[in-house]
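A short worksheet on the structure shown next.
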Amino acid sequence: MGKTIIISNRLPVQLQISNGTINAIPSVGGLATGMKSVHSGSDGLWIGWSGLTDEETPPELEDDIDKALAENGCAKVNLNAEEIDGFYFGFSNRTVWPLFHYFLEYSEFELDFWNTYKAVNQKFADAIIEKSNEDDTIWVHDYQLMLVPQMVREKRPDTTIGFFLHIPFPSYEIFRTLPWREEVLEGLLGSDLIGFHTYDYERHFLSSVRRLLGLDVSFNEIYQDNRVIKVDSFPMGIDYKKFKDAAILHSSKRESERSDLQMRLDSHKASAPDTKLILSIDRLDYSKGIAKRLNAFEYFLNKYPEYKEKVRLIILAVPSRSNVPQYQLLKKEIDELVGRINGELSTVNWTPIWYFYRSLPFESLIDLYTSSDIAWLTPLRDGMNLVAKEYIATRTDKTGVLILSEMAGSAYEMNEALLINPNNFEEQADTLKRAINMPVEEQVSRNEFLQNRLERYNVEVWAKEFMSALNEKRDTGKAFVSQKMSTDILNTIGQDYAKSKKRLLFLDYDGTLVGFHKDPQKASPDEDLYELLDSLQNQENTTLFLISGRDKQTFGRWFLPKKYNMIVEHGVWISKEGHEFKMLEQVKGEWMAKIRPVLESFVDRTPGSFIEEKNYSLAWHYRNTDPDFGEKRATELNTVLRSLIGNDDISVLNGNKVLEIKSSNVNKGRAATRMLSEDEYDFVFAIGDDWTDEFMFQELPESAVTVKVGLKKTHARYHVENTRRVRELLTRFAKP
Ligand code: GDG
């Protein structure tokens, strides 16, 4: 088995250059910790940008840098300042980040950003291809690299690729506004497994895939040509032990060992023992709702003035993406807000807000978490929010209250926290009051639940679960109910074909010989197809049948002049060697008058659907409807029809985005076996893509070569991926 390669925008090490020497310092972030078990062993590899642009990298140190990175199991992708501008500050942080966090108005759709994003994603993909083998497993992280899976897949079709998105995936209504939406989805679909923090993000993604790419989705699997892509949610955890141990160590420290920050916090507590400390920690980002939180705090103090001088809000805003204009504006807004509120409400003894705009060392974070009575986290949108989890992990005596926005992914797992809507100031003010007055027993019982869960589902478990789902996909995903038509199998079948004395071929049309078209009348045969069918038809000892659910008029127009044998309407009509259609089965059609009005009422109520009227059957097509709505209506229609037709000799067939109502004694299997009984054949072949073809696959003898187009479950012996492969296969027969 090969190695696992992790790919993320940034490497988990910081490069420091001093006096011409390089130091690579491993970072201690959540992702780096979670990946420890994955990124281990002598051949573990992590590919990413080092944090230094080409311009910042002294050329004479290039080799030393590579060496220092290699010692940490890392390899870098070189990016220059212009690339970082367009790819990272541009498309990633001025287009995708705001859009995926529902800040549509901040999202900039710049062609230059997009082009650089593509080029840089290609650089990452090239680096992976250069440094990996076919049997390696690849795990790509986050929104900066959404095109990488497909770019790697193109060169490495059989490699196992996983992708995890750390930010929300927005609803289809938001995502559809992106000019390059299809390309982004296709990029992601290069993966075998796509992971999100929550089921909602997963649901949004699947909905976009169905609506924008028109692919079939069943539960959490996407069917694309020859591949099944799995989508699942894996809520990311934290390094629980690290935070818990740090908090235990912190509480055992003697006074002389305490940090300056801790001493300040302690003296504050000593001077006003009944005041409460409320903490919030975030990167300075508009998605985190810092400005709204400040306004809500002011609202709270005005609504409940008795808490003036009794609470203090500590805001730690960590500098982030300060090259992006939106972040500069936000910084200014927050500075002003803090200034104004403090100016208006402060007293001689009390400043309501302590505001830090900087990054603090880990130990200071622990000082803040352990000293605060309440953590108040109000993102307007947040993929997960790990700070909420970290606060709970440090509460070793189980006291403390977490107030958390419903809009954070972590809210789904942290039901015992006080969940709020960050836009509702009334609710926020009341919740703050409730948190301040929450009895210790209640705090303990809520936190006990939370801690148990966080300790169990920590970041290592998260990484392991993702990897095992990915490995499972690799081991089972490729095995299917039918065998893939490999080159070897095709060779053997080709030889059998060439050797045979008398052949019988049944070829379905739509979805098999040609792809689907919005208007079925437009899915007419192309010249290449005629040529291919001609050469099969003209072969000696070969009987070819086109076998379809289509009506005889259309097929008559397309194929009668060619004198191909045809069975249409699932077996009602037959035409041989250019003769007019004759009835193959005696069927009754009186039921149609009863069923037609029912279908018409469904057409009226389901935009995009239509009725296809054939001589002895009626078909309700819903390919062009909204996919979810269409499926829902199809289920409804099915129920209505079944109750209507009772025991009549009529059946409802579920085709590919079509419900067909027809006489029960007619199907492709019955028609095909009738043709088979007319002569002695030593090579029988049937190929088709949908449910109605299953009758042939089931009823033809075991020795027949039966082939399903696509990956759905089937009774056929083999499957091929798409119509292109069908043509390749038939070309092989045509030129044995
Ligand atoms: C993205 C998604 C998702 C913060 N300040 C300091 C500091 N931190 C650490 C915290 C925490 C991390 O940074 C922040 O993580 P979050 O999850 O809260 O937020 P994002 O940075 O926006 O992360 C988010 C996450 O990816 C993982 O998938 O949860 O939704 O937006 O670990 O402790 N660490 C130090 N000093 C600081 O001043 N040392």
Side-chain angles (χ1 to χ4, degrees), residues 8-10 12 14 25-35 92-93 96-103 139-145 163-170 195-198 200-201 233-240 242-244 246-247 259 261 279-290 314-321 327 330 355-370 372 375-394 402 404-414 454 457-459 462-463 466:
S8 64
N9 173 40
R10 288 297 298 271
Q14 293 267 8
I25 302 160
S27 39
V28 285
L31 187 60
T33 316
M35 291 292 133
S92 299
N93 289 327
V96 180
W97 178 273
L99 190 71
F100 281 34
H101 286 85
Y102 293 71
F103 286 84
W139 186 357
V140 185
H141 286 267
D142 227 0
Y143 65 105
Q144 301 91 350
L145 303 175
F163 181 92
F164 188 83
L165 186 73
H166 289 262
I167 65 173
F169 194 92
F196 298 95
H197 281 306
T198 73
D200 278 340
Y201 308 155
S233 53
F234 303 87
M236 186 173 173
I238 56 164
D239 185 354
Y240 190 87
K242 177 176 149 194
F243 283 88
K244 183 180 167 187
S259 67
L261 174 65
L279 173 71
S280 76
I281 298 183
D282 334 70
R283 273 185 309 98
L284 190 107
D285 193 298
Y286 46 81
S287 66
K288 305 286 183 183
I290 305 172
I314 304 180
I315 294 226
L316 172 61
V318 183
S320 175
R321 304 173 198 169
Y327 288 72
L330 180 70
Y355 170 52
F356 301 89
Y357 174 66
R358 75 188 75 141
S359 173
L360 294 179
F362 176 72
E363 289 67 30
S364 306
L365 227 56
I366 300 297
D367 291 343
L368 288 172
Y369 282 146
T370 51
S372 303
W376 187 27
L377 305 168
T378 61
L380 302 172
R381 264 325 137 171
D382 210 337
M384 175 51 66
N385 194 303
L386 300 178
V387 172
K389 296 185 171 182
E390 293 168 2
Y391 173 70
I392 294 296
T394 60
L402 171 64
L404 178 61
S405 162
E406 289 164 9
M407 314 298 167
S410 48
Y412 290 86
E413 299 161 79
M414 304 186 87
L454 294 177
Y457 200 89
N458 61 28
V459 69
W462 167 80
F466 184 91

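Both ligands and their constituent atoms are indexed starting at 1 by order of listing.
Within the 4.0 Å heavy-atom criterion, the part of Val318 lying near ligand 1 is the side chain and not the backbone. With a 4.0 Å cut-off on non-hydrogen atoms, Met236 touches ligand 1 through its side chain and not its backbone. When non-hydrogen atoms are compared, ligand 1 lies under 4.0 Å from the side chain of Trp97 (C-beta onward) but not from its backbone. At a heavy-atom distance under 4.0 Å, no atom of Ile238 approaches ligand 1. Contact annotation: for Asp285 versus ligand 1, there are no heavy atoms closer than 4.0 Å.
Under 3.5 Å, the side chains of Thr198 and Asp200 contain no donor-acceptor pair of N or O atoms. With hydrogens and angles left out, the side-chain atoms of Asn93 and Tyr327 include no donor and acceptor closer than 3.5 Å.
Selection from Leu360, Val459, Ile366, Ile167 by nearest heavy atom to atom 39 (N) of ligand 1 gives Leu360. Around atom 10 (C) of ligand 1, the closest heavy atom drawn from Met384, Arg283, His166, Glu390 belongs to Glu390.
The aromatic rings of Phe164 and His197 lie perpendicular to each other, with more than 60° between the two planes, well past the 30° mark.
Distances below 4.0 Å separate heavy atoms of Ile281 from the following atoms of ligand 1: 4 (C), 5 (N). Listed by number with element, the atoms of ligand 1 under 4.0 angstrom from any heavy atom of Asp382 are 24 (C), 30 (O), 31 (O). Atoms of ligand 1 found under 4.0 Å from any heavy atom of Ser359 (numbered from 1 in listed order, with element): 36 (N), 37 (C), 38 (O). Residue-ligand proximity, Gly383 to ligand 1, at heavy-atom distances under 4.0 Å covers atoms 30 (O).
To the nearest 0.5 angstrom, Trp139 atom CH2 is 3.5 Å from Met35 atom CE.
The closest side-chain heavy-atom distance from Asp282 to Val318 is not below 4.5 Å.
For ligand 1, one of its N or O atoms has an N or O atom of Leu386 under 3.5 Å away.
Among Phe196, Phe163, Trp97, the single residue meeting the ring pair (Phe, Tyr, Trp, His ring centres under 6.0 Å) criterion with Tyr143 is Trp97.
In plain terms, the two heavy atoms of Asn385 and Ala408 that are nearest each other are CB-CB, 4.1 Å.
Under a cut-off of 6.0 angstrom, the local environment of CD in Glu406 is crowded, with over 12 non-hydrogen atoms contributed by other residues, nucleotides or ligands.
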